[in-house]
Amino acid sequence: MSTIIRNGTIVTADLTYKADVLIENGRIAAIGDNLTGNTELDATGCYVMPGGIDPHTHLEMPFMGTYSTDDFESGTRSALSGGTTMVVDFALPSPGQGLLDALQMWDNKSGRAHCDYSYHMAVTWWGEQVFDEMKAVVDRGITSFKHFMAYKGALMVNDDELFASFRRVGDLGGIAMVHAENGDVVAELSARLLAEGNTGPEAHAYSRPPQVEGEATNRAIMVADMAGVPLYVVHVSCEDSHEAIRRARQQGKRVWGEPLIQHLTLDESEYFNADWDHAARRVMSPPFRNKQHQESLWNGLQAGSLSVVATDHCAFTTEQKRYGIGDFTKIPNGTGGLEDRMPMLWTEGVNTGRLTPNEFVAVTSTNIAKILNLYPKKGAVLVGSDADLVVWDPEAEKTITAGSQQSAIDYNVFEGKKVKGLPRYTITRGVVAVTEGKMDSREGHGEFVAREPRGTVNRALSQWKELTAPRPVERSGIPATGV
Ligand SMILES: NC(=O)NCCC(=O)O
Ligand SMILES: [Zn+2]
Ligand SMILES: [Zn+2]
């Protein structure tokens with residue numbers, strides 16, 4: 001069984017050219033002219049691009065006394081609907097729970113996925129068991145480890161734990177990841193706001209000013225540098241955090257920053273809406289920021305100081321959000337976006353001239369494939385790559401509305417936004433899952449994608465750290481060790 005994508009323009013992170021694509025056995029078998037196959041997909045007027053990779057999702061995650069509502073079934077269906085063909089979810093041990101135990105839980109859930117997926121592992125506590133099991137996790141092909149510097153009393157790790165874990169990740173050839181917010185300060189500010197009668201969703205934003213993010217990002221960067229590990233900063237929402245990442249990259253540090261489509265396109269005014277539900281549905285950490293911070297994020301994508309656009313898809317229903325009526329700290333943190341990331345970024349990024357189509361591919365797919373050592377299996381249009389592709393119609397339009405979304409929740413934070421640029425076809429390992437908005441995806445089609453440790457950036461960093469490691473000064477007549 002073979003499929004030809006005919007008459008399209010291939011757009012990758014570095015090239016734009018006209019050619020047809022032949023798909024066989026789930027992979028790209030040939031790229032060129034005059035190819036033949038059993039079935040044909042017409043890509044006239046469309047771009048043929050690597051399917052999106054969303055490296056930041058929380059599907060059916062136990063969090064803040066409940067579970068995020070989109071699971072691997074509805075979450076990955078949403079992904080495909082919007083042109084995303086792979087997600088990377090966070091396996092999240094509860095404090096005290098073993099990493100392998102958590103992994104088993106995630107394996108039990110992910111069998112329902114409609115598209116391919118991988119995991120990051122969260123380090124939510126520290127001890128000998130965690131240290132030991134990290135090796136087994138890497139052997140399973142999970143090479144990125146997330147640390148929460150916020151959520152005090154729940155998921156947060158302290159600096160000594162951060163440093164110990166970062167060193168272990170570095171030794172294992174993995175990547176350290178951080179949710180960078182100063183959890184101690186957030187806890188203090190939250191308690192004070194509540195005591196002063198600030199109980200509504202807007203107080204969530206007051207409790208997490210940009211400084212808490214800037215400080216934590218800078219701290220994580222410095223700790224990672226001392227530990228000798230590459231660092232990936234998730235959900236960068238503001239200039240304070242972006243500035244720390246920009247500076248570090250200019251200093252040659254191996255740091256990447258990930259803004260979310262929500263922070264790029266929605267702002268803090270959402271929290272001042274008179275409707276409690278409207279504001280609470282948009283509560284996430286870090287919160288939405290003002291227009292200046294948004295501009296900084298767009299500039300970072302253009303300049304290359306920020307590398308990846310993700311969603312942090314963690315969707316709660318209105319009913320779940322209402323757990324926090326009377327106390328904003330109990331509103332489950334998280335928003336959706338899996339289905340809308342690609343169309344929203346194309347509309348607000350490419351259609352405005354802020355991003356080229358090639359830059360769009362880079363920040364939605366290829367960059368993260370390289371960072372996570374998935375490239376060129378994923379994130380590429382090359383012979384031998386998985387046929388995870390999106391045939392993108394730049395003229396197709398729709399208005400986003402919860403009524404027609406794949407997500408299982410009852411609202412959409414992008415409700416009413418008009419987008420121009422949508423998938424004509426989304427193809428997951430050679431199988432057409434979406435045709436002009438019509439779903440034909442299959443539960444259980446998705447496969448786990450294992451990743452190798454010690455990618456090129458790890459090897460370069462290790463080499464440099466070895467070369468510049470502290471060494472004893474040789475002094476004649478004085479032994480290095482005491483007598
Ligand atoms: N971001 C958020 O508010 N919820 C999901 C968990 C996290 O990434 O912090
Ligand atoms: Zn986070
Ligand atoms: Zn997250």
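Everything numeric here is computed off the predicted structure, so don't read it as measured data. Numbering of ligands and ligand atoms starts at 1, following listing order.
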request  = Taking atom NZ of Lys398 as the centre, report whether more than 12 heavy atoms of other residues, nucleotides or ligands fall under 6.0 Å from it.
outcome  = yes
Atoms of the protein (N/O/S only) found under 2.8 Å from the Zn ion (ligand 2) = His179 ND1, His235 NE2
Shortest protein contact, atom 1 (N) of ligand 1 (heavy atom only) = Asp312 OD2, 2.6 Å
query = Is ligand 1 less than 4.0 angstrom away from at least one heavy atom of Phe90?
reply = no
query = What atoms of ligand 1 come closer than 4.0 angstrom to any heavy atom of Cys314?
reply = 5 (C)
ask   = Can Gln320 and Thr317 be said to form a side chain to side chain contact (heavy atoms under 4.5 Å, CB included), step by step?
value = CA-CA 5 Å; Gln320 289 174 305; Thr317 61; 3.3 Å; yes
note = NE2 (His56) to the Zn ion (ligand 3) to NE2 (His58), nearest 10°, is 110°
key: For His235, atoms of ligand 1 separated by under 4.0 Å from a heavy atom   = 8 (O), 9 (O)
note = The atoms of ligand 1 lying under 4.0 Å from a heavy atom of Met284, numbered in the order shown, are 1 (N), 3 (O)
inquiry  = If you take the centroid of each ring, where Trp contributes its six-membered ring, are Tyr151 and Phe63 closer together than 6.0 Å?
reply    = yes
ask   = Looking at Tyr323, does the NZ or CZ of Lys330 lie under 6.0 angstrom from its six-membered ring centre and within 45 degrees of the ring axis?
value = no
query = If you count the atoms of ligand 1 from 1 in the order shown, which ones are under 4.0 Å from a heavy atom of His56?
reply = 8 (O)
task = Report the nearest protein non-hydrogen atom to atom 3 (O) of ligand 1: residue, atom name, distance rounded to 0.1 Å.
result = Ser285 N, 2.8 Å
task = Could you see which bit of His179 sits under 4.0 Å from ligand 1, with heavy atoms only: side chain, backbone, both or neither?
result = side chain
ask   = Quick one: which ligand 1 atoms are inside 4.0 Å of a heavy atom on Tyr151?
value = 2 (C), 3 (O), 4 (N), 6 (C), 7 (C), 9 (O)
query = Between Trp392 and Val11, is any pair of side-chain heavy atoms under 4.5 Å apart?
reply = no
task = Please say whether more than 12 non-hydrogen atoms of neighbouring residues, nucleotides or ligands are located less than 6.0 Å from CZ in Phe163.
result = yes
request  = Answer yes if the side chains of Arg289 and Ser296 hold a donor-acceptor pair under 3.5 Å, and no otherwise.
outcome  = no
request  = Would you mind telling me if ligand 1 is within reach of the side chain of Asn333, the backbone, both or neither, using heavy atoms under 4.0 Å?
outcome  = both
Any Tyr119 side-chain heavy atom under 4.5 Å of Phe90 side chain = no
remark   = Partner of Met49 under side chain to side chain contact (heavy atoms under 4.5 Å, CB included), picked from Thr366, Val390, Thr12, Thr364, is Val390
inquiry  = Among His235, His313, His179, exactly one meets ring pair (Phe, Tyr, Trp, His ring centres under 6.0 Å) together with His56. Which residue is that?
reply    = His235
ask   = Does the cation-pi check pass for Arg192 over Tyr206, that is, NZ or CZ under 6.0 Å from the six-membered ring centre and within 45° of its axis?
value = no
